Amino acid sequence: MTAADPALVRILDADGAFTPSPAADEYLPLIEALTDAELEQFYRDMVVIRAVDTQAINLQRQGQLALWPPSRGQEAAQVGSAHAARPQDTIFPSYREHVVTRIRGVDTIDVIKLMRGISHGGWDPTDPKNGNTRLYTLVLGSQTLHATGYAMGLAFDGKHASGDADVDQAVMVYYGDGASSQGDVHEAMVFAASYQVPEVFFLQNNQWAISVPVETQSRVPLVLRGRGYGMPSIQVDGNDVLASYAVTRRALDEARAGQGPRAIEAVTYRMGAHTTTDDPTKYRGTDEESQWAQKDPIARMRTFLEGRGAAASFFADVESEAAEAADDLRVRTNALPGPDPSNMFDNVYSEAHPLMEEQRAWRAQYEASFTTEEHA
C-alpha cells in the first residue's frame, strides 16, 4: 500500500491532512454527514481502548490473565467499521476486536473473564445489552462460517432487502490476514456469494500472521481474494478511521439492501505482539515498526480534529476518561476470582456424562492427595 495507489480508499493522510485519494471521492458525502460529536467519538474510542489494551497487557504480565491479544495500531480499522454498523446488525469478531465489542455494548471485563479462564465464552451474545455481538473465536477463520450461516438464515427468513434500512439486517465478520489463508474463510465466501447473503467480510491485514509476513501468504493483494468469488471488494487505509467508517457503511448498506456480500481489506499494522505469548523482535525489525508508527491512527485523527478547531479541553477529557477506564479495568480484574479447574468438565456434553464425572472425580482425588498429612 502506498499513497499513490489509485484503488486505495484514504481520506486522511499519515499527517492527518484531509487529502482524499481518487477512490475516496464517492465516499465523501458519508464523511460530510458526520457531526463534530461523531468525529470526536471516533477519536475518544480509539484513545480509550488503547489505554484499556495497555492495561490488559500489564495485567497479563502480572499473572492476572492467561493470555491477551493486543490491538495497538488497529484502532482506526475497528472503530470506523464498528460505528458503521446499525444496531440490528450482527457482529462476529475474531479475538482482537476489543473496541468493536465495547462500542456494541459488551463490558470489557467480560473479555477479561474469557482471557482469565473463568468463563467459557465471556458474555451472552443473546443479551440485548451486548449489541448482537457474537463470542470471540480463537480458532482461526471459523467465525466466517458462523457468520455466513447466520447471514444465510437472514436471507431465508426475509430479514433483509425490504427497503427499510431501520429494519433490514446484515452481518459483519472480522478476521485477519493469517485467517484469510484458512479453508474456512474460502468456504464461507463460496456460500456467501452463491446465496447472495447480507454479509460484509472485514479483513484486518495487520501484515503479520504471528511470524509469517503477508507477502509469504499471498502473491497478490488480499483484496483480490474476495473478488475471486464475485463479490465487490474494497481496499481501505486501515489507519484512517474516516475511510474505515465510510467504506464499511456503504458496504453494509448495500448488503442489507439485498445487493449481496462485500469484502473489505483494511491495510493496517499490528504494533505489538500477536499475543502476550509472542515476541515480535524475533521476526521483524525496528525499522518497519518505526515506519508504521509514523502512520499512527490516533495521532492522525488528533491532528485532523485540531485542524477543525477541537478544544484542548476535549483532548484532556479524553485522556482522563482513558485513564479512568484503564484503572477501572485493573480494579475489577483484581477483584475477580481465580479459574475453577472443575469448570473444564462442564459443557463438554449437553447432558451429564459418566466419563466426565469419572475424570472430575479423579482430578479431585489427585488434588486432595497434596493435602494429606504425608505431604504436609
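Just so it is clear, the structure is predicted and the values come from calculations on it, not from any experiment. We're numbering straight along the sequence, starting at 1. Values below: every heavy atom of this structure, side chains too, minus hydrogens, waters and symmetry copies.
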side-chain contact (heavy atoms from CB on, under 4.5 Å) for Arg284 and Gln207? Distances and angles first, verdict last.
CA-CA 11 Å; Arg284 69 186 190 193; Gln207 310 304 311; over 6 Å; no
Which atom pair, heavy atoms only, marks the closest approach of Ala165 to Arg256?
O-CD, 4.1 Å
Give the C-alpha distance, both sets of side-chain angles, the deciding distance and a yes or no for side-chain contact (heavy atoms from CB on, under 4.5 Å) between Gln182 and Tyr175.
CA-CA 10 Å; Gln182 295 290 321; Tyr175 62 108; over 6 Å; no
Do we see a donor-acceptor contact under 3.5 Å between the side chains of Asp168 and Ser162?
yes
Linking I/L/V/M/F/W/Y whenever their side-chain heavy atoms sit closer than 4.5 Å, directly or via other members, would Val139 and Leu203 fall into one cluster?
no
Is there a donor-acceptor contact under 3.5 Å from the side chain of Glu75 to the main chain of Met46?
no
Taking the inter-plane angle between the rings of Phe315 and Tyr43 on a 0 to 90° scale, is it parallel (under 30°), tilted (30 to 60°) or perpendicular (over 60°)?
perpendicular
So how far is it from Asp110 CG to Thr101 OG1, rounded to the nearest 0.5 Å?
9.0 Å
Compute whether any side-chain donor of one residue and acceptor of the other, for Gln41 and Asp45, lie under 3.5 angstrom apart.
yes
Sole candidate of Tyr95, Trp123, Trp68 that passes ring-ring contact (aromatic ring centres under 6.0 Å, His included) when paired with Tyr136
Trp123
Please answer whether the main-chain N or O of Thr19 pairs with a side-chain N or O of Arg10 as donor and acceptor at a distance below 3.5 Å.
yes
Sidechain-backbone polar pair: Ser244 side chain, Asp240 backbone, donor-acceptor under 3.5 Å
no
Asp346 and Arg360: salt bridge (Lys or Arg N to Asp or Glu O under 4.0 Å), yes or no, with the steps?
CA-CA 10 Å; Asp346 296 337; Arg360 189 195 303 271; 3.1 Å; yes
Would you check if the side chain of Asp53 reaches a backbone N or O of Ser71 as a donor-acceptor pair within less than 3.5 Å?
yes
Does a donor on one side chain sit under 3.5 Å from an acceptor on the other, for Arg116 and Gln64?
yes
To the nearest 0.5 Å, atom CG of Asp296 lies from atom CG of Asn239 at 7.5 Å
Heavy atoms of Val185 and Ala179 approach each other most closely as CG2-O, 3.1 Å
Intermediate values then yes/no, salt bridge (Lys or Arg N to Asp or Glu O under 4.0 Å), Arg330 and Asp327:
CA-CA 5 Å; Arg330 184 190 69 254; Asp327 288 344; 3.0 Å; yes
CD of Glu324 to OG of Ser320: how many Å apart, nearest 0.5 Å?
4.0 Å
Geometric class of the His353/Tyr349 ring pair [parallel <30°, tilted 30-60°, perpendicular >60°]:
parallel
Please answer whether the main-chain N or O of Pro20 pairs with a side-chain N or O of Asp25 as donor and acceptor at a distance below 3.5 Å.
no
When rounded to the nearest 0.5 angstrom, what distance separates CD1 in Ile57 from CZ in Arg72?
8.0 Å
Indicate if Ile91 and Leu154 have the same hydrophobic cluster label, given that clusters are the connected sets of ILVMFWY residues with side-chain heavy-atom separations under 4.5 angstrom.
no
Please report the interatomic distance CZ(Arg104) to CG(Asn130), rounded to the nearest 0.5 Å.
10.5 Å
The residue among Asp237, Val241, Leu242, Val236 that forms side chain to side chain contact (heavy atoms under 4.5 Å, CB included) with Ile11 is Leu242
Does a sphere of radius 6.0 Å around OH in Tyr195 hold more than 12 heavy atoms from other residues, nucleotides or ligands, not counting ones at 6.0 Å or beyond?
no
Just verifying a value: how many Å separate Asn205 CG and Glu265 CD, rounded to the nearest 0.5 Å?
4.5 Å
Distance-only, no hydrogens or angles: does the Asp89 side chain make a donor-acceptor pair with backbone N or O of Arg86 under 3.5 Å?
yes
If only atom types and distance count, is the side chain of Arg250 paired as donor or acceptor with the main-chain N or O of Glu26 below 3.5 Å?
yes
Is the closest side-chain donor-acceptor distance between Asn206 and Thr268 under 3.5 Å?
no
Donor-acceptor pair between Thr108 and Arg102 side chains, under 3.5 angstrom:
yes
Return the orientation label for the Tyr245 and Phe42 ring planes: parallel under 30°, perpendicular over 60°, tilted otherwise.
tilted
ILVMFWY cluster membership beyond Leu145 - transitive side-chain contacts under 4.5 angstrom:
none
Has the side chain of Gln78 got a donor or acceptor atom that lies under 3.5 Å from a matching backbone atom of Arg96?
yes
Testing the 3.5 Å rule here: is there a donor-acceptor pair between the side chains of Glu199 and Thr148?
yes
Counting distance only, does the side-chain N/O of Arg262 pair as donor-acceptor with the main-chain N or O of Val200 below 3.5 Å?
no
Do you know the tightest heavy-atom contact between Arg225 and Ser218?
NH2-CB, 3.4 Å
Fellow cluster residues of Val220, listed by chain then number, with links counted only when side-chain atoms sit under 4.5 Å apart:
Val223, Leu224
Would you check if there is a donor-acceptor pair between the side chains of Glu288 and Tyr269 at a distance under 3.5 Å?
yes
Is the number of heavy atoms from other residues, nucleotides or ligands within 6.0 Å of CZ (Phe156) greater than 12?
yes
Do Thr54 side-chain atoms and Arg50 backbone N/O form a donor-acceptor pair below 3.5 Å?
yes
Salt bridge present between Lys129 and Asp107 (N-O < 4.0 angstrom)
no
